[in-house]
Engineer: 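So that we are looking at the same thing, I have put the structure below in structure tokens.
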Protein chains: 2
Amino acid sequence: MSLKHALLGFLNYGSMSGYDLKQCFDQSIQHFWSANLSQIYPTLSQLEEEGLLTMEVAYQEDRPNRKVYHITEAGRAELRRWLREPMETPPQRQPFLVKVFFGGNIAKEDLLAQLRCQLSLHKEQVSAYQGPVRKVLQQYIEATGLAQEGLFWGLTLEAGIKQKKAWIEWLEEAIVKIESLDMPVTKD
Amino acid sequence: MSLKHALLGFLNYGSMSGYDLKQCFDQSIQHFWSANLSQIYPTLSQLEEEGLLTMEVAYQEDRPNRKVYHITEAGRAELRRWLREPMETPPQRQPFLVKVFFGGNIAKEDLLAQLRCQLSLHKEQVSAYQGPVRKVLQQYIEATGLAQEGLFWGLTLEAGIKQKKAWIEWLEEAIVKIESLDMPVTKD
DNA sequence: TAGGTCATGTAATAGGTTACATGATTGC
DNA sequence: GCAATCATGTAACCTATTACATGACCTA
């Protein structure tokens with residue numbers, strides 16, 4: 001499970017609570033991975049049981065107490081083991097392509113509306129990646145002073161941007177092709 | 001759920017058994033969707049209960065009997081409803097990028113090995129898409145005589161190829177960047 | 001005779017989402 | 001007064017994967 005290893009990865013930078021980890025996810029890897037608190041908390045307990053983390057309660061006044069997790073040597077070893085482990089390319093499910101595949105069942109204009117909607121969403125996202133997301137990553141690099149890792153973080157963003165751009169290109173071409181198509185208009 | 005609607009989509013071309021549907025999946029949409037028989041069978045029963053399909057047993061000698069499913073008017077309506085329904089872009093989880101993000105924890109050569117492995121896998125897949133997968137799709141178009149839908153099917157293949165090519169480009173660039181990097185070699 | 005095709009399923013497990021629950025403090 | 005932030009969780013549900021079960025026929 002990548003979630004486990006992402007948690008180990010962040011905790012290897014420094015000890016944190018589940019709540020903190022959620023912020024880390026949202027601020028630095030949300031463009032290719034996300035997790036809910038309701039998934040993070042039980043997973044942390046599990047990692048503790050497995051001896052990959054230890055937990056310590058930080059008592060606070062005025063605020064709820066925090067459970068601060070620390071990575072163990074076994075945790076570090078497991079992280080490195082996983083990072084080196086070979087992997088295949090997991091099949092990417094694309095529900096949108098299911099719609100295109102069966103697009104002959106609806107009117108041309110309805111299909112085009114779908115494609116145009118996806119196009120604008122992907123354009124928004126790529127703008128976000130190139131603007132705010134990149135900015136937050138940059139701040140993250142400066143805050144941690146991890147220049148070396150900053151390069152890897154940047155690479156993951158580049159990957160996201162490339163993917164989005166490929167979608168945009170394809171959508172634009174698909175729209176043109178479908179527009180110039182003779183298709184029955186009456187489908188209800 | 002896209003699986004349900006993919007099943008409806010195929011059954012709208014013609015009545016089939018679960019086993020047949022599995023072949024349809026493997027022959028025409030496996031590059032963006034896949035399903036196991038153990039998932040298809042219960043889903044078909046569910047669709048029948050919902051009144052979107054009807055079932056008829058085809059008795060056979062020498063072979064196990066087949067359960068042939070037919071789409072109903074309600075099923076067709078549901079398919080069209082779903083096809084027109086607006087959707088966002090589902091977040092794509094990329095476990096490989098998690099590895100890159102935390103790549104600073106392993107030796108440069110180990111990371112490069114991972115990138116090169118992914119590169120060769122994606123290259124293999126894009127070749128398959130441009131060769132055998134395209135061929136099978138072409139045969140499917142000829143067999144069904146559905147030229148109009150053939151265009152949509154082709155578009156989904158193009159999308160897959162674009163995605164793969166984007167990955168390949170990114171991997172090649174990433175490899176070059178990481179190769180020219182000064183990194184501590186000793187990580188165990 | 002061993003493995004593949006045809007044809008159906010169930011059960012267990014894993015991974016993720018959504019809803020629900022609690023409760024104090026801070027800012028508008 | 002109301003929403004957001006901080007901080008933790010549980011429970012139900014959905015989707016998908018893997019393993020298991022059956023059994024006949026066909027091909028190498």
Side-chain angles (χ1 to χ4, degrees), chain A residues 1-8 11 15-27 29-30 32-50 53 55-69 82 87-95 98, chain B residues 1-8 11 15-27 29-30 32-50 53 55-69 82 87-95 98:
Chain A
M1 213 213 310
S2 294
L3 174 62
K4 281 191 183 180
H5 298 97
L7 292 170
L8 290 173
L11 288 171
S15 299
M16 276 180 276
S17 70
Y19 193 87
D20 297 335
L21 282 158
K22 168 67 173 159
Q23 326 266 109
C24 282
F25 274 67
D26 291 346
Q27 279 162 33
I29 61 172
Q30 101 289 17
F32 60 90
W33 202 274
S34 61
N36 301 316
L37 280 168
S38 62
Q39 202 190 352
I40 291 173
Y41 289 128
T43 306
L44 285 170
S45 308
Q46 229 177 293
L47 287 168
E48 195 196 351
E49 268 177 51
E50 293 169 25
L53 301 179
M55 191 267 284
E56 165 208 16
V57 179
Y59 295 91
Q60 298 191 123
E61 292 165 25
D62 296 358
R63 310 218 153 173
N65 295 333
R66 307 167 70 235
K67 291 189 173 180
V68 177
Y69 288 91
W82 178 76
M87 66 185 286
E88 341 92 71
T89 59
Q92 297 281 321
R93 285 204 163 72
Q94 307 286 8
V98 179
Chain B
M1 213 214 311
S2 294
L3 173 62
K4 280 190 183 180
H5 297 97
L7 293 170
L8 290 173
L11 288 170
S15 299
M16 276 180 276
S17 70
Y19 193 87
D20 296 336
L21 282 158
K22 169 67 174 159
Q23 326 266 110
C24 282
F25 272 68
D26 291 346
Q27 278 162 33
I29 61 172
Q30 102 288 19
F32 60 89
W33 202 274
S34 61
N36 301 316
L37 281 168
S38 64
Q39 201 189 353
I40 291 173
Y41 289 129
T43 307
L44 285 169
S45 307
Q46 228 177 295
L47 288 167
E48 195 196 351
E49 266 177 53
E50 291 168 27
L53 300 178
M55 190 268 283
E56 166 207 15
V57 180
Y59 295 92
Q60 299 191 121
E61 292 165 26
D62 296 356
R63 309 217 156 176
N65 295 332
R66 307 168 70 236
K67 291 190 174 181
V68 178
Y69 288 90
W82 178 77
M87 66 185 284
E88 340 91 72
T89 59
Q92 298 280 321
R93 283 203 165 72
Q94 307 286 7
V98 179

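Hydrogens, waters and symmetry mates play no part in the numbers below; they use all other heavy atoms, side chains included. This one's a predicted model, so the numbers in the text were calculated from it and none came from an experiment.
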Engineer: Is the backbone of B/Ala35 close enough, under 3.5 Å, to the side chain of B/Lys22 for a donor and an acceptor to pair up by distance?
Structural biologist: yes

Engineer: Please check if the side chain of B/Gln60 supplies one atom and the backbone of B/Pro64 the other of a donor-acceptor pair under 3.5 Å.
Structural biologist: yes

Engineer: Quick one: A/Met55 CE to D/dG9 P, roughly how many Å, whole number?
Structural biologist: 7 Å

Engineer: Between A/Leu47 (CG) and C/dA14 (C1'), how many Å, whole number?
Structural biologist: 15 Å

Engineer: Distance check needed: C/dC6 P versus B/Asn65 CG, whole Å only.
Structural biologist: 16 Å

Engineer: Provide, to the nearest angstrom, the distance between the CZ atom belonging to A/Arg66 and the C1' atom belonging to D/dT5.
Structural biologist: 13 Å

Engineer: OP1, OP2 of D/dC6 versus side-chain N and O of A/Gln60: anything below 4.0 Å?
Structural biologist: no

Engineer: Would you kindly give the CG-to-P distance between A/Leu37 and C/dT17, to the nearest whole Å?
Structural biologist: 12 Å

Engineer: CD1 of B/Ile40 versus C1' of C/dG9: gap in Å, rounded?
Structural biologist: 13 Å

Engineer: Can you tell if the side chain of B/Ser2 reaches within under 4.5 Å of the side chain of A/Arg93, non-hydrogen atoms only?
Structural biologist: no

Engineer: Can you name the residues that form a side chain to side chain contact (heavy atoms under 4.5 Å, CB included) with B/Gln92, not counting sequence neighbours?
Structural biologist: A/Gln92, A/Gln94, B/Pro90, B/Gln94

Engineer: Without decimals, in angstroms, what is the distance between A/Leu44 CG and C/dG15 P?
Structural biologist: 15 Å

Engineer: Calculate, to the nearest 0.5 Å, the distance between atoms CD and CG belonging to A/Gln39 and A/Leu7 respectively.
Structural biologist: 9.0 Å

Engineer: Side chain to side chain contact (heavy atoms under 4.5 Å, CB included) between A/Leu3 and A/Phe25: does it pass, once the steps are laid out?
Structural biologist: CA-CA 10 Å; A/Leu3 174 62; A/Phe25 274 67; 3.8 Å; yes

Engineer: Any side-chain N or O of A/Lys22 below 4.0 angstrom from OP1/OP2 of D/dC6?
Structural biologist: no

Engineer: In Å and rounded to the nearest 0.5 Å, what is the CG to CG distance from B/Leu8 to B/Leu47?
Structural biologist: 5.5 Å

Engineer: To the nearest Å, give me how far apart OH (A/Tyr19) and C1' (C/dT22) are.
Structural biologist: 15 Å

Engineer: Indicate for each nucleotide in nucleotides 11-22 of chain D, in 5' to 3' sequence, whether protein heavy atoms under 4.0 Å reach the base (B), only the sugar-phosphate (S), or nothing (-).
Structural biologist: ----SSBBB---

Engineer: Calculate, to the nearest 0.5 Å, the distance between atoms CD and OH belonging to A/Glu56 and A/Tyr59 respectively.
Structural biologist: 10.0 Å

Engineer: Nearest 0.5 Å please: distance from the OH atom of A/Tyr69 over to the OG atom of A/Ser45.
Structural biologist: 4.5 Å

Engineer: When every nucleotide of nucleotides 23-28 of chain C is labelled 5' to 3' by its protein contacts under 4.0 Å (heavy atoms), B for base, S for sugar-phosphate only, - for none, what sequence of letters results?
Structural biologist: B-S---

Engineer: May I ask you to verify if any side-chain N or O of B/Tyr41 is less than 4.0 angstrom from the OP1 or OP2 atom of C/dG9?
Structural biologist: no

